[in-house]
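Here's the structure we're looking at; comments come further down.
Only a predicted model underlies this, so the values are computations on that prediction, with no experimental measurement involved.
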Amino acid sequence: MQKPPHFHNKWQAITNFLNSDARHYQLLFLSTFFLTGILSLHWNLFPYQILITFSTALTTQYLMVKLLKLPISALKSSAISSFSLCLLFRSDTWWVIIIAAFLSIASKGIFKINGKHFFNPVNFGICSTILLTHQGWISPGQWGSAGYWWFLIGTLGFIVITSAHRIETAIAFIATYGVLFGYRILVFQQWPTDFFFHQFTNGALLLFTFFMITDPASTPSHKKARIAWAMSVGALAFYLQAYLWVTAAPIWALFFLSPLTPLIDYFFKGERFIWGKKANVNTATI
Amino acid sequence: MKNYRKIIASLFVMAFTLVTYPAMSFCGFYVSQQSKPIFNKTSQVILVRDGDRTVITMSSDFKGDVKDFAMVVPVPVVLQKSDIKVVNRQIFDDFDAYSAPRLVEYYDPSPCNSMREEVMENVKAAMSLTKDEESVDQLKKNTKYKVTVEAKYTVGEYDILILSAKESGGLKHWLTDNGYKIPEGAEEVLQPYIQSNMKFFVVKVNIEEQKANGVEILRPLQIAFNSPKFMLPIRLGMANGKGAQDLIVYTLTKKGRVETTNYRTVKMPTDREIPEFVQQYFGKFYVALYKKNLAKEGSANVFMEYGWDISGQMPVKCDPCAGNPPMLNGLFEAGANWITPTNWGGYMGSLYFTRLHVTYNREDFPQDLVFQETPDRSNFQCRYIINHPAQQYGECSEWNNYRDNKKASRRKEIKELSALTGWSTERYWEYPAKFMGYSAPLPPDEETGYVTPEKGKTTILDSTEIDQNTTGSILEKIGNSQINQTAFINTRTPEHKKPFDWGLGIGMIAIVTLASLAKMQKKG
């Protein structure tokens, strides 16, 4: 059947737009996750959280673009960061949300060595705000287990579509974390298997694994070094959660190990990642 | 109802039972010394958390001869005698009454002659403290079973042992050889706790002490310990359990609201305007609402029913109050020892009260409940509102207008009722137009366990507690006089599995399809 021309043109415009930058797909998927979280899982967000987060993040980014003469497309990254903050960070106070959004974006300009920032912006924003204000929190339970499989399908769909080439970082992390927990829960403590699966059917863990730790801009550039680094994040996350009972342990583990990135980059040289560069168009991160 | 309360009160804490009739419950399991069935389906727990210090007070519906009572609870550390107390059952009743879902009423002012009525009554809550009792400390090791008796105490009417074990088989044999009957399947559940380095808190009733103290009912038992683990061990109580159990958790924390980190914590629907006839069976309404909500939100959730900042300096500790706010004595007894008394009988200190309600089974709850304290101090209550229509005093031009608006809003109330409970709107077709003398049909579900409240016990509001901002007056509440907790066990039925989350599923599939098509466009 012949499609009407105006429909075809519009569809063409949409696909051209989506295909011009992997970050467009990312925005599409993160906004879907967010909408389903709000509509289906009834997340209790601070009423103006979306508005405050986006306006703060975009304003901060815009100022940085002007001051540091960055490409204007950096605003896309801050929109992605805003969605991630809305997905992961919770606070019932407006100024805490401003601080989190500001620190997320500003960290890209502050913690920079040789022109490369070493904290994942959202990770830094969340952790530093919680440490500084004691007014924010992460709700790993908010994802429930009923909707998990849909989030998994969405995530895997995203990975396949964008053929994300830093997927080895995600696999190194989740394999280490999974094997350590698998050994502890199933072999050592001898819980039934559904105990183990419940531990891993968590949306926050999924988001962390496939969208946060895969961040090409802030993780080590050298591939093997990056895999070793991701494994150490997995091991630290396991330790924090299993022995110190830390909530949302992977996020904290990444926060503590991010400062190692410049050190690793110093010893192991690798190709730097730059947004928008042809070879990097398909990269996924938040 | 009062008798029922006494029966519940006469029973006790967590868990389980007999070879033939396994009865499940919250933290541990009952290990009866007789082969008579013991049922334990509902329990209430007060959790107080301050840094790494946790105080757990446990109460449940143990039914049977007290001499058969015995239970086992996993605890993270070896408890000292001073860490174990018996407390007055009253604190549970007070916390329950205070935080229960409530029905509030408003009277429309007459469009002709504005007047407003409010009905208020007082109810007094009595508090009393209990004493700690003498016991003998003793340490002995039994190499045969690889079970170590870490400590032995008598506290109140209870004989308590703290055991640590090397392997579940030994622990099982030790318990069996010492006259406790262990349910089948418990061995597998004991092992993970042993491997997690948990100790076992074993309790039975000391009949002499019980008689000597003149204690007719078993009092709630309280344990305190320091551990980073902020959790409730529900798994042991579900050893080979098939049925559902109901648990209400009250938490007292310094910082803010408590939520579960390994299950979704969902706030109950609140602030809904419902038809005035609901006051005839509010308990039944709430159980139906709970059931519908469970089906809608999914089967592996924890529900939040109440959350309020009750810090010493807060002038409004509930609004409106379904029961007196917790008093200094009750809070102290529950273990909130960081608050300090003031000269005028109040207290100083930061305090947040959370009420969580969970109806769980083995299938949907493979893990113990793990909690976190968030800095969220916003107030939340389960509040349902009825608006009584104005009476027509004489003729006035505004009346017709008022009547039409009221009819429309009463139609909305019926729709809201139907959305909340699943009861058909057609049953109440007469309601919107019939302002007076409407007789509502009884709710369709006859198995909700509703108990008719005693007359004169339904309206609870202490006039001294009323703040200027008080909104409406409490007409009824679910709290202790309205409904028994066992009614909630039936809210979990097989069809409440949530196999397909439509909103989430359609959204996700649509987006993956769209994105794939877009991507293919590029390749093509």
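Neither the backbone nor the side chain of B/Phe365 comes within less than 4.5 Å of any heavy atom of chain A. B/Ile194 does not touch chain A: none of its heavy atoms, backbone or side chain, sits under 4.5 Å away. With a 4.5 angstrom heavy-atom cutoff, B/Ser516 touches chain A via backbone and side-chain atoms both. With a threshold of 4.5 angstrom between heavy atoms, B/Gln367 approaches chain A through its backbone and through its side chain.
When all heavy atoms are compared, the tightest approach of A/Phe29 to B/Ala515 is CE1-CB, 3.8 Å. The two residues B/Arg264 and A/Trp143 have their closest heavy-atom pair at CD-C, 4.1 Å. What you find for A/Gly136 and B/Pro375 is that their closest heavy atoms are O-CG, 3.7 Å. Here the closest non-hydrogen pair linking A/Ser40 and B/Glu297 is O-OE1, 4.5 Å.
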Going through the distances and angles, do B/Met508 and A/Thr36 end up as a side chain to side chain contact (heavy atoms under 4.5 Å, CB included)? CA-CA 8 Å; B/Met508 222 54 86; A/Thr36 46; 4.0 Å; yes
Between B/Lys255 and A/Trp137, is the side chain to side chain contact (heavy atoms under 4.5 Å, CB included) condition met? List the steps. CA-CA 12 Å; B/Lys255 215 163 64 169; A/Trp137 72 95; over 6 Å; no
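In terms of non-hydrogen atom pairs under 4.5 Å with chain B, the most contact-rich of A/Thr201, A/Asn44, A/Leu35, A/Ile14 is A/Asn44. Per-residue heavy-atom pair counts under 4.5 Å with chain B were compared for A/Leu28, A/Leu39, A/Leu156, A/Leu18, and the maximum is reached by A/Leu28. Here B/Asp376 is the residue among B/Val512, B/Val370, B/Asp368, B/Asp376 with the most heavy-atom pairs under 4.5 Å with chain A.
Using non-hydrogen atoms only and a strict 4.5 Å limit, the part of residues 186-198 of chain A facing chain B consists of A/Phe188, A/Gln189, A/Gln190, A/Trp191, A/Pro192, A/Asp194, A/Phe195, A/His198. Using non-hydrogen atoms only and a strict 4.5 Å limit, the part of residues 240-256 of chain A facing chain B consists of A/Leu244, A/Trp245, A/Thr247.
Residues passing the salt bridge (Lys or Arg N to Asp or Glu O under 4.0 Å) test with A/Arg184: none are found, sequence neighbours excluded.
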Could you pull out every donor-acceptor pair under 3.5 Å between side chains of residues 94-104 of chain A and any protein atom, sequence neighbours left out?
unit_1	atom_1	unit_2	atom_2	d
A/Ser104	OG	A/Ala100	O	2.8
A/Ser104	OG	A/Pro121	O	3.4

